[in-house]
Structures are given as structure tokens and as C-alpha cells.
Amino acid sequence: MELVCPAGNLPSLKAAVDAGADAVYIGFRNDTNARAFPSLNFDRETAAQGIRYAHRHARKVFVALNTYPQPRGMARWIEAAETALQLGADALILADIGLMRLLRDRYPDARLHLSVQGSATNRQALKFYREHFDIQRAVLPRVLSMSQIRSLAAHTSTPLEVFGFGGLCIMAEGRCHLSSYLTGDSPNKTGVCSPAWAVRWTETTQGLESRLNGVLIDRFTAAEAAGYPTLCKGRFALDGNILHALEEPTSLNTLHLLPDLHQAGVVAIKIEGRQRSLSYVRRVTEVWRNALDCLLADPNAFRVREAWDAQLADLSEGHQTTLGAYERPWQ
């Protein structure tokens, strides 16, 4: 099983490689990727440096071009894809079928992966992408249970990659429109669900307030960790209480499911977090590298160590973890 780790900048890429990632995924500094935050991502020169560094260590670099281009901006996506291929990227992670078709026709030898933004959740969808665009791998959305993943892996020829750790969202990837009602910017097209222009932080007598396009999203006391404001994870007044009415910040952690994922034939574990710090990337990569090494050395004897869970819980969004949709006892 391949360990695929995030990198929002060159230092994080090097940290992931040094900590044992088999592959690192990156994006360029524009709306062609789904983490289009200011001061994040790569330009041509830093991408070239990162790819050279990874290849010197026999690791791979995947470039995410996983937003949906609009007609007037298509040239940016084509330029980003061609730049990635010229620099020697090992795969392009795509969601838009128009871009897939264009790249398959122009660059038949390019390795294309289906992004989680493509939201393929059944064998018919995977068959479509495989037959029409020769997709070499598909990243599954975080809405499937373990039994569904097991069934899907048994009935598709497409290698599957799943998220193992990182932030969760209540929306199906590639289908989120919630934040666009508040900002007017679609995360599927602009690459970020809370665009920087709409975010405001204000110190008040009641605490640190975060607003999105002028709307109060959350208020934090001095003892609370203040997360980046997103509409789905904000706190709201409901029946006289202030609470996370839609979703409480939490992170997916599938360490305990590694033997099941391995047995199902999942080829890669993906870590979420290109927007997170270098320390996050290094520490999460170290834990998962150790866990995967232990699993592959002796699958029958694999046990999750308390130290691994403790470290991941410390790095979790909201400082708590869950199995998310993987575990559905009612199914």
C-alpha cells in the first residue's frame, strides 16, 4: 500500500519525503486546485525543485488539478497540466471530464488519477472513467462504508486510493455548494470553500470572532483553538443553545481499519492536509509510515499502538477523531 501525503509548499514536500511518504501531492498557486489559499502551493520553480527532490529519493509527485474549469479560464488548467508534465510529475489528479479528454488526446502517455472531487462511488462510474479516459487510479469520496469499499474493490479493475486521515466534511466531495450561498464563490470552481477575501477575524470583548463575508461563523474564548471559518463547521444559535448545528470539527482516522483496507485490495492511503503546517505533515507521515510498515511486515499481527492514536488525536481538527462513514453499524 502506497502512502500519499500532502504538501502545501516545498518545505512540507521535503518533510513528507524525509518522513517516509511514497508519494506527495501538490497544487499550483491558482484556482486549478482545491486548496487555493494565499501563500500556499507551488510556482513552476518550486514545483521543479520538489519533483527533483522526490525523484532523487525514489518517491513520486502527483499534481492536483481537481477543480472544474469554466470556459473563459480553461487555458489556466491546460497550462498547469502541461507544466506538471514538463516538470516530470508522476500523475495528474483530475475531476473535470473535459480536461481529462483533452489531456488523454494530447498526452496519451500521461498518468491520470481520478480526484475525490470526481465523486465516483460505484462500479459503473469507475468503469466509465476507465473506459473513456484511461484513469489509472481513483480516489474514493469519504462517504463510503468499509463494506461498500470492499464490494467496490472486488468488482472494479481500477486501483483504489482512500483517505486514511485528515479533516472531514459533511458534503460529498465535488458536490459542495453550501459556502457559495454565503460568498458567491463555488469551492468546486474557485478551489476554496472559504475564500480569503471573505474571511475576517476580530478581537471583541466576547472573544475572537470569525466572519465569512460579514456573517458571524464562530466565536472563540482564549482557551479554545480557533479553526479556519467554514460555514458547515460554524456554531449557530439553535433552540437557545450555541452549537455546531451542521458538523463539529473532527478528523478521520482509519488506523484501526488498515488490515481491512489492505485485505480489500486498496492500493494507497491518502492523508488530507495541504493547508496544514510542516509539523503536521511530518508527524502524521511518521505515524502512518510506521503503521504501514508494521502492517506489511505481518498483517495478522498488526495492532494500533496507543502512541500512534495519541499523536494523531493531537493533530486532529477539533482534537478528536472518528471513523466517519467507514463504520456504519446499522448497515
Side-chain angles (χ1 to χ4, degrees), residues 1-8 12 16 21-27 33-35 60 62 64 66 91 93-95 113-122 125-126 135 137-150 152-153 156 158-176 187 193 230 232-233 247 249-276 280-281 283-285 287-289 291-292 295 304 308-309 312-313 315-318 320-328:
M1 297 176 76
E2 192 171 78
L3 178 59
V4 183
C5 295
S12 290
D22 295 302
V24 178
Y25 64 103
I26 68 173
N33 77 97
R35 288 291 186 272
K60 303 172 187 175
F62 306 151
N66 55 347
I93 307 172
L94 307 172
H113 291 184
L114 179 65
S115 169
V116 68
Q117 293 291 105
S119 206
T121 58
N122 57 63
L126 292 174
I135 289 296
R137 181 185 295 182
V139 185
L140 296 181
R142 288 162 282 190
V143 297
L144 299 177
S145 68
M146 190 62 235
S147 62
Q148 289 171 320
I149 290 173
R150 191 179 293 112
L152 195 57
T156 181
T158 304
L160 301 179
E161 178 176 311
V162 302
F163 277 90
F165 184 81
L168 281 175
C169 179
I170 59 171
M171 305 299 166
E173 284 92 352
R175 304 292 185 265
C176 177
C193 55
T230 57
C232 59
K233 296 177 183 177
E247 181 185 22
T250 188
S251 285
L252 177 71
N253 179 10
T254 65
L255 270 183
H256 293 263
L257 293 179
L258 267 182
D260 295 319
L261 294 169
H262 179 254
Q263 188 177 33
V266 169
V267 302
I269 299 293
K270 188 168 196 168
I271 307 300
E272 185 274 340
R274 281 192 292 127
Q275 76 283 11
R276 301 291 295 270
Y280 167 93
V281 171
R283 293 172 65 192
V284 172
T285 302
V287 169
W288 282 86
R289 179 74 274 154
L292 279 169
L295 173 74
V304 175
W308 297 343
D309 265 343
L312 293 180
L315 297 168
S316 169
E317 182 181 20
Q320 58 184 340
T321 59
T322 178
L323 285 172
Y326 284 95
E327 185 180 51
R328 289 175 177 163

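Reckoned from all heavy atoms, side chains included, excluding hydrogens, waters and symmetry mates.
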**Student:** Heavy-atom distance under 4.5 Å between the side chains of Glu2 and Val266, does that happen here?
**Tutor:** no
**Student:** Would you say Tyr25's side chain and Ile93's backbone share a donor-acceptor pair under 3.5 angstrom?
**Tutor:** no
**Student:** Are any of the side-chain heavy atoms of Val267 and Leu160 separated by less than 4.5 Å?
**Tutor:** no
**Student:** Any chance you could measure Leu140, atom CG, to Gln148, atom CD, to the nearest 0.5 Å?
**Tutor:** 10.5 Å
**Student:** Go through the steps to decide whether Arg142 and Glu272 satisfy the test salt bridge (charged side-chain N to carboxylate O under 4.0 Å, His left out), and finish with yes or no.
**Tutor:** CA-CA 11 Å; Arg142 288 162 282 190; Glu272 185 274 340; 5.4 Å; no
**Student:** Is there side-chain contact between Cys5 and Leu3, with at least one heavy-atom pair below 4.5 Å?
**Tutor:** yes
**Student:** Can you name the nearest heavy-atom pair linking Leu312 to Phe165, along with the distance?
**Tutor:** O-CZ, 3.5 Å
**Student:** State the CG-CG distance between Leu292 and Asp22, to the nearest 0.5 angstrom.
**Tutor:** 8.0 Å
**Student:** Does the side chain of Gln117 come within less than 4.5 Å of Asn33's, by heavy atoms?
**Tutor:** no
**Student:** Which pair of non-hydrogen atoms, one from Leu126 and one from Ala138, has the smallest distance, and what is that distance?
**Tutor:** CD2-CB, 3.5 Å
**Student:** Please round to the nearest 0.5 Å and tell me the distance separating atom OG1 of Thr121 and atom CG of Leu152.
**Tutor:** 8.0 Å
**Student:** Find the distance between OG (Ser316) and CG (Asp309) and round it off to the nearest 0.5 Å.
**Tutor:** 11.0 Å
